[in-house]
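This report refers to the structure that appears directly beneath it.
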Amino acid sequence: MSSRIPPLLEPYLALPPEASLVLLTSVLGASTNWLVLRFLHSALSEVSSGVSPEDEPKVLLVSFMLDLAFWRENARRLGLDLDKLAAKKRFVFVDGLSGLFLSKQQKASPAKGGNVTLSNSGLESVSEAIHNDAKTLRHSQGTTKIMLIVDQLDLLLAAGGDAVNAVGLGDLLLGLREEVHCTIVSLSADLPLVSNPQTPLEANHAAFLISTAHQADFTMSLRLLDTGTARDVSGVVRVTVGDRATEEDEDIQRKIEEKELLYFVGGDGGVKVFERGQ
Amino acid sequence: MSFRKRAVVVGQAGSNSTASQVTTTNKALPPGLRPSPLDGRLTTSTGTHSLDGLLAGHAGLALGTSLLIEEHGTTDFAGYLTRYFAAEGVVQGHQVHVLGMHEGWGRELPGIGTGEVSRRGSEMVNEEKMKIAWRYERLGEFGSARERGAPQSPGSQASSSTAVFCHDFDLSKKLLLPSPSPMRFVPITTRPPFEFKDLDTSVSPFTGFLNHLSTQLSVSPNTVHRVVIPNLLSSALYPPESSRPEHVLQFLHGLRALLRKYPSQVVAIITLPVTLHPRTTGLTRWMELLSDGVLELSPFPSSALPAKSTPGAATVHEEPPQGMLKIHRLPIFHEKGGGGGEASGFGDDLAFTLSRRKGLVIKPFSLPPVEGDTEAQQGGLEHEHGKATKVDIEF
């Protein structure tokens, strides 16, 4: 089972310590989806070494760009049955795609299988919906360890209009982090969005990304090869330890070391991670 | 005994052939769809052979995905791609929804080229003609067989002319639309008719189109829908407030939600003038992030001099490329992480040529040999030759 996780990434993908924040960044053409799936797998797979079944962590996945069908299909390739896990109350999916900006016509489709569909892009309603899910997940049987994964949270910032700004979204994230054991957030870090912020969209994005990066215990940023494309390399993953971890005790940085690795995602969804020159 | 035996054999052969025919010609798929050779998901054609071949090995645009085509400058090559896309939809009997265009746009679609019968026409009369034409076509495209996917024998093509995946269109002809027109033209409106108040800029100009799409998709669940959005955010068509991020990004997000909600019914193609909305802006990047596939067309500046026929033998039958094409993102392929698609062309230098008969042809870019550089080439050759002889002497 553990072979589905690339060995070089294993220390980073293990369940992060309490109250930690992990930031994943992507660019156009190098998406974080495979990395999020690996986090899902390492948290939810049956063979979590030496952990009693009561202590297995639960996962709350909030996705703003992809629907459940994508996650379900690709998790199945890793040997995870998300429907079964949802029935066991170990996994809850919050759909931020299908109803967010189509609320008027889509009222008729009720959430099935306990999955919630966000229907209002206001920060309060988003936060309330996720809070409620976190609460129900925590009060269900088993451990109270919840891993929150928020995929492409920056969509709210880009499409939310004037009502959403970087400070408000940062508050939302802080509020959510109080409810859960650890948080994983994925954001876009394309050059046009951060390099020379001029429009409100770019300024908000850059501010939110940088403040999140400063709060994060470590950042895994994906990008394309700087030297062009290669047939057997999909991109580069760089792990950066956050400033919080370096100034505080050495306990957190015990196994996180800064690294730059290459990765390749095969047609079947399998991932190879290797050092340069290997 | 022997008589019976033979009969059995004949019967078996007959049943085999009919069975295989049934499986090959009648898969109970709606017209214009076929499963992807990679993972079996349903794909449909973009109406352009070489573009179908670029989409990461799926040999077509996967249903439930969208394609964003960006174009520099004032040319309209992307407009031709959308016209081929719409024409292919009309020919295959799909519903075509066009945003922001007048109905005249639908009358300008290219007609089917001479290589194919007009569907449901007098096939008996045309069969002879078509066979010849197909032969010619295969002759002409001998070198670029890769783009056409699996080679089809003329015989099978003639017998199953209804199962053509991607038609050949001829720009000099006009497509005859069937009488209940399968095209819907949705105008960009921000206010109801006969209302002369000041524009309310907080109302998105796109909500009407999204409402239209979601009702159409839920009303007719068995047809394939094609969404065509030409020149998104061009200031000639769109009111200024549509460029506000909350309007256009919410629209694209809503469109993405519809694409994912009906993953076997709808595909979308969007073109964007990037001279007006450069790729260095955050808004354009978000529009790219919200689309499944992103292509960038950079036409060469049109040179005043007529296209010279270069004397090199290799370039005689090739038309000069009219621009470069860059792939930034491919549907399905990059969603998974990017990698493993064999003939994706991602990162390659690609050039495109638009011609009347062949449509838009995309192929790897290669510089022709420099004209008038024959002495240098000759010199180089001689030099090499000299070197070679020296080496020989040393040996």
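Side chains included, hydrogens not; waters and symmetry mates left out as well; all remaining heavy atoms used. Letters A, B, ... are given to chains in the order of the sequence lines, protein chains preceding strands, and every chain is numbered from 1. Quick caveat: nothing in here was measured; it's all calculated off a predicted structure.
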| Distance-minimising heavy-atom pair for A/G161 and B/E246 | CA-CB, 3.6 Å
| request: Tell me, for B/T281 versus chain A, whether the close heavy atoms (under 4.5 Å) come from the side chain, the backbone, both or neither. | output: both
| remark: The interface call for B/L290 against chain A, heavy-atom contacts under 4.5 Å, is both
| message | Just so I know, are the side chains of B/Q250 and A/L102 near enough to count as touching, which here means a heavy-atom distance under 4.5 Å? | response | no
| Any side-chain heavy-atom pair from B/L289 and A/S188 closer than 4.5 angstrom? | yes
| message | For B/L283, which atoms come within 4.5 Å of any heavy atom of chain A: side chain, backbone, both, or neither? | response | both
| field | Value rounded to 0.5 Å, distance of NE2 in B/H253 from CZ in A/F64 | value | 8.0 Å
| request: Name the region of A/D154, side chain, backbone, both or neither, that has any atom closer than 4.5 Å to a heavy atom of chain B. | output: both
| note | Heavy-atom closest pair (B/G282 atom, A/L201 atom, distance to 0.1 Å) is C-CD2, 3.6 Å
| For A/M65 against B/R256, the heavy-atom pair lying closest together | O-NE, 2.7 Å
| message | Can you confirm whether A/R77 sits close enough to B/K336 that some side-chain heavy atom of one is under 4.5 Å from a side-chain heavy atom of the other? | response | yes
| Atom CH2 of B/W286 and atom CG of A/L193: how far apart are they, to the nearest 0.5 Å? | 7.5 Å
| task | Report the distance from atom CG of B/L252 to atom CG of A/L155, rounding to the nearest 0.5 Å. | result | 10.5 Å
| said: Counting heavy-atom pairs closer than 4.5 Å to chain B, which one of A/A159, A/P200, A/G160 comes out on top? | reply: A/A159
| Looking only at heavy atoms, which two atoms of A/N33 and B/E335 are closest? And how far apart? | ND2-O, 2.7 Å
| message | Heavy-atom cut-off 4.5 Å, strictly under: side chain, backbone, both or neither for A/A158 against chain B? | response | both
| Is there a side-chain contact between B/R279 and A/L28, using heavy atoms and a 4.5 Å cut-off? | yes
| message | So for B/R260, is it side chain, backbone, both, or neither that comes closer than 4.5 Å to the heavy atoms of chain A? | response | both
| query | Nearest heavy-atom pair of A/D162 and B/R244: which atoms, and what distance? | reply | OD2-NH2, 4.4 Å
| field | NZ/B/K326: more than 12 non-hydrogen atoms of other groups inside 6.0 Å | value | no
